[in-house]
K.L.:
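A single structure is presented below for examination.
Since the model is a prediction, treat every value here as computed from it, not as a measurement.
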Amino acid sequence: MKFGIVVLPGSNCDHDAEHVASAVAGHEVEMLWHRRDDVSDVDCVVIPGGFSYGDYLRAGALAKLAPVMNAVNRHAAGGGLVIGICNGFQILTETGLLPGTLMRNEHLRFVCRDVRVRTESDDTPFTSQISPGTILNLVVAHGEGNYYADEATLDMLEANDRVIFRYCDEEARITASANPNGSARNIAGICNEGRNVLGLMPHPERRSEKILGSADGFRVFESIIASFSPAVV
C-alpha cells in the first residue's frame, strides 16, 4: 500500500512517520506538501505531530485551512484511511473530521514522557491486529493534549465504540495518575463514525522499533497494512 505523509510548516514528526512506513514497514511513501490539493494516489494519509503554523491561535487552527486538508477531507469522505498523530489529532478536531477539541494540558505544562494506553476496540483498520485490553507502551510530547467534549458527545463516543485508546497504568487500570494531560475519561484516541479516521495523542511512530525502547507502536502500522491488504489464501 501507499502512505502519504502530510508536511505542514512546523511539522517535526513527518520524517519519523516516513521512516516507519518505508524503512520499517517496507511500503511506498509520498510526502504531501501543504499546498497540494489532491491525495487521490495514496491509500492512507498520515497527519504527523509537530507545531503546524507555529500553533498560532491554537494548535491546528491554521492547519485546517491548508489546501492539502481539503484533499484529506475528500479522501476521508470517500472512505480513505486517515490517521492524525498528536498535532494531527488536533488538526482533525479543528477540521471537524473528529468531534471534541484538544485543550491545554490540565497542569498547563508541556509533557514529554512514556505512557501506557489500553486498546479499547479492534474494530478499526488501525487496531485490527490488536486485541481489546492490550496495553501499548508509547510516548507523548504535547502542550495541548487534554481531550475535551461535552458529556453528550462523550457518551455517544462510548456507546458507539469510538474511544479506541485510553491512558492506563501497568495493570491496564484507568487511573488519574496514568493520565498525562487531564483528558476526559482518560481518552487518548478516538475514531470517526465511519471508523476510517483515527486521532490519537501518543506517538506510535516513536515507539516502532525496539532500539527506541518499545516496538508497540508498530502494531498500529501493522494493523493498517493488514486491514488494507487482501487476505492470501
K.L.:
Would you mind listing every side chain to side chain donor-acceptor pair (under 3.5 Å) that reaches into residues 105-117, with sequence neighbours excluded?
P.N.:
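Pairs touching residues 105-117 that pass the test: Asp114-Arg207.
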K.L.:
After noting the C-alpha distance and the side-chain angles of Val6 and Val46, does the key distance pass the side chain to side chain contact (heavy atoms under 4.5 Å, CB included) rule?
P.N.:
CA-CA 6 Å; Val6 172; Val46 180; over 6 Å; no
K.L.:
In the structure I gave you, are the side-chain heavy atoms of Ile190 and Ile187 within less than 4.5 Å of one another anywhere?
P.N.:
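Side chain of Ile190 against side chain of Ile187, heavy atoms only: contact under 4.5 Å found.
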K.L.:
Under the side chain to side chain contact (heavy atoms under 4.5 Å, CB included) rule, collect the residues that match up with Ala25, sequence neighbours excluded.
P.N.:
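Once residues adjacent in sequence are excluded, the partners of Ala25 under the side chain to side chain contact (heavy atoms under 4.5 Å, CB included) criterion are His27, Phe218, Ile225.
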K.L.:
State which residues pass salt bridge (charged side-chain N to carboxylate O under 4.0 Å, His left out) with Glu158; sequence neighbours excluded, sorted by chain then number.
P.N.:
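Only Arg166, Arg185 meet the salt bridge (charged side-chain N to carboxylate O under 4.0 Å, His left out) criterion with Glu158.
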K.L.:
Quick one: side chain to side chain donor-acceptor pair (under 3.5 Å) partners of Ser131, sequence neighbours excluded?
P.N.:
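Scan of Ser131 (side chain to side chain donor-acceptor pair (under 3.5 Å), adjacent residues dropped) gives none.
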K.L.:
My understanding is that only residues two or more places apart in sequence, or in another chain, count here; which of them pass side chain to side chain contact (heavy atoms under 4.5 Å, CB included) with Glu28?
P.N.:
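By the side chain to side chain contact (heavy atoms under 4.5 Å, CB included) rule, Glu28 matches Lys2.
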K.L.:
Please check: side-chain N/O of Ser214 versus main-chain N/O of Lys210, any donor-acceptor pairing under 3.5 Å?
P.N.:
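Answer holds: no.
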K.L.:
Parallel, tilted or perpendicular, judged at 30° and 60°: which one describes the rings of Phe89 and Tyr147?
P.N.:
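Parallel: the ring planes of Phe89 and Tyr147 meet at under 30°.
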K.L.:
Which atom pair, heavy atoms only, marks the closest approach of Asp216 to Leu138?
P.N.:
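Here Asp216 and Leu138 meet closest at C-CD2, 4.4 Å.
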K.L.:
Of all heavy-atom pairs between Val197 and Ala76, which one has the smallest distance, and what is that distance?
P.N.:
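So the two residues come closest at CG2-CB, 3.8 Å.
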K.L.:
What pair of heavy atoms forms the shortest contact from Leu92 to Leu198, and how long is it?
P.N.:
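What the structure gives for the nearest pair is CD1-O, 3.5 Å.
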K.L.:
Between Ile47 and Val72, does the side chain to side chain contact (heavy atoms under 4.5 Å, CB included) criterion hold? Intermediate values first, please.
P.N.:
CA-CA 9 Å; Ile47 308 175; Val72 172; 4.3 Å; yes
K.L.:
Of the non-hydrogen atoms in Val140 and Pro202, which two are nearest, and what is the gap between them?
P.N.:
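Between these two residues, the closest heavy atoms are CG1-CA, 3.8 Å.
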K.L.:
Check each of Ile174, Leu136, Thr175 against Cys168 using the side-chain contact (heavy atoms from CB on, under 4.5 Å) test, and report the only one that passes.
P.N.:
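Of the listed options, the one satisfying the test is Ile174.
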K.L.:
Are Val115 and Ile135 connected in the hydrophobic side-chain network, where two residues link if heavy atoms are under 4.5 Å apart?
P.N.:
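Unlinked, Val115 and Ile135 end up in two clusters.
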K.L.:
Applying salt bridge (charged side-chain N to carboxylate O under 4.0 Å, His left out), name anything that partners Arg118, two or more places apart in sequence or on another chain.
P.N.:
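For Arg118 the salt bridge (charged side-chain N to carboxylate O under 4.0 Å, His left out) partners, ignoring immediate neighbours, are Glu120.
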K.L.:
Between Ser223 and Arg219 (side chain of the first, backbone of the second, donor and acceptor by atom type, cut-off under 3.5 Å), is there such a pair?
P.N.:
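Side chain of Ser223 to backbone of Arg219, a donor-acceptor pair under 3.5 Å: yes, one is there.
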K.L.:
Establish whether Tyr148 and Val163 are linked, either directly or via other cluster members, by ILVMFWY side-chain heavy-atom contacts under 4.5 Å.
P.N.:
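No; Val163 is not reachable from Tyr148 via cluster members.
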K.L.:
How many angstroms lie between atom SG of Cys13 and atom CZ of Phe51, to the nearest 0.5 angstrom?
P.N.:
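These two atoms lie 8.0 Å from each other.
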K.L.:
Taking a hydrophobic cluster as the set of Ile, Leu, Val, Met, Phe, Trp and Tyr residues connected by side-chain heavy atoms closer than 4.5 Å, whether directly or through intermediates, do Phe228 and Val24 fall within one such cluster?
P.N.:
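Yes, because Phe228 and Val24 connect within a single hydrophobic cluster, where side-chain heavy atoms sit under 4.5 Å apart.
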K.L.:
Apply salt bridge (Lys or Arg N to Asp or Glu O under 4.0 Å) to the pair Arg36 and Asp41, showing each step before the final yes or no.
P.N.:
CA-CA 12 Å; Arg36 180 166 170 164; Asp41 60 338; 2.8 Å; yes
K.L.:
The criterion is side chain to side chain contact (heavy atoms under 4.5 Å, CB included); which residues satisfy it with Arg195, sequence neighbours excluded?
P.N.:
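Result, side chain to side chain contact (heavy atoms under 4.5 Å, CB included) vs Arg195: Ser121, Asp123, Thr124, Asp161, Arg162, Ile164, Cys191.
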K.L.:
Do the side chain of Asn196 and the main chain of Gly80 share a donor and acceptor less than 3.5 angstrom apart?
P.N.:
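Side chain of Asn196 to backbone of Gly80: a pair is present.
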K.L.:
Quick one: side chains of residues 62-69, donor-acceptor pairs under 3.5 Å with protein atoms, not counting sequence neighbours, listed by atom name and distance.
P.N.:
none

K.L.:
Counting only heavy atoms not in Phe110 (residues, nucleotides, ligands), do more than 12 fall under 6.0 Å from its CZ?
P.N.:
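Yes, CZ of Phe110 has more than 12 neighbouring heavy atoms, counting only those of other groups under 6.0 Å.
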K.L.:
Would you check, one step at a time, whether the test side chain to side chain contact (heavy atoms under 4.5 Å, CB included) holds for Phe221 with Glu205?
P.N.:
CA-CA 8 Å; Phe221 290 88; Glu205 81 285 4; 4.1 Å; yes
K.L.:
Identify the two heavy atoms, one from Ser183 and one from Gly145, that lie closest to each other, and give their separation to 0.1 Å.
P.N.:
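In this case the closest contact between Ser183 and Gly145 is CB-O, 4.2 Å.
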K.L.:
Run the salt bridge (charged side-chain N to carboxylate O under 4.0 Å, His left out) test against Asp150 and tell me which residues pass, sequence neighbours left out.
P.N.:
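Per chain and number, Asp150 pairs via salt bridge (charged side-chain N to carboxylate O under 4.0 Å, His left out) with no residue.
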K.L.:
According to the side chain to side chain donor-acceptor pair (under 3.5 Å) rule, which pairs have a member within residues 72-95, sequence neighbours left out?
P.N.:
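Sorted pair list: Ser52-Asn87, Arg58-Glu94, Asn87-Gln90.
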K.L.:
Using side chain to side chain contact (heavy atoms under 4.5 Å, CB included), reason through Val220 and Thr127 one step at a time and then give a plain yes or no.
P.N.:
CA-CA 6 Å; Val220 174; Thr127 54; 5.7 Å; no
K.L.:
Please report the closest heavy-atom contact between Ala184 and Asn146, naming both atoms and the distance.
P.N.:
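It is N-OD1, 4.2 Å.
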K.L.:
Enumerate the residue pairs fulfilling side chain to side chain donor-acceptor pair (under 3.5 Å) with a member in residues 3-17, sequence neighbours excluded, ordered by first and then second residue.
P.N.:
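Non-adjacent pairs meeting side chain to side chain donor-acceptor pair (under 3.5 Å): zero.
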K.L.:
Check side chain to side chain donor-acceptor pair (under 3.5 Å) between Tyr167 and all other residues, then give those that pass, not counting sequence neighbours.
P.N.:
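By the side chain to side chain donor-acceptor pair (under 3.5 Å) rule, Tyr167 matches Asn181.
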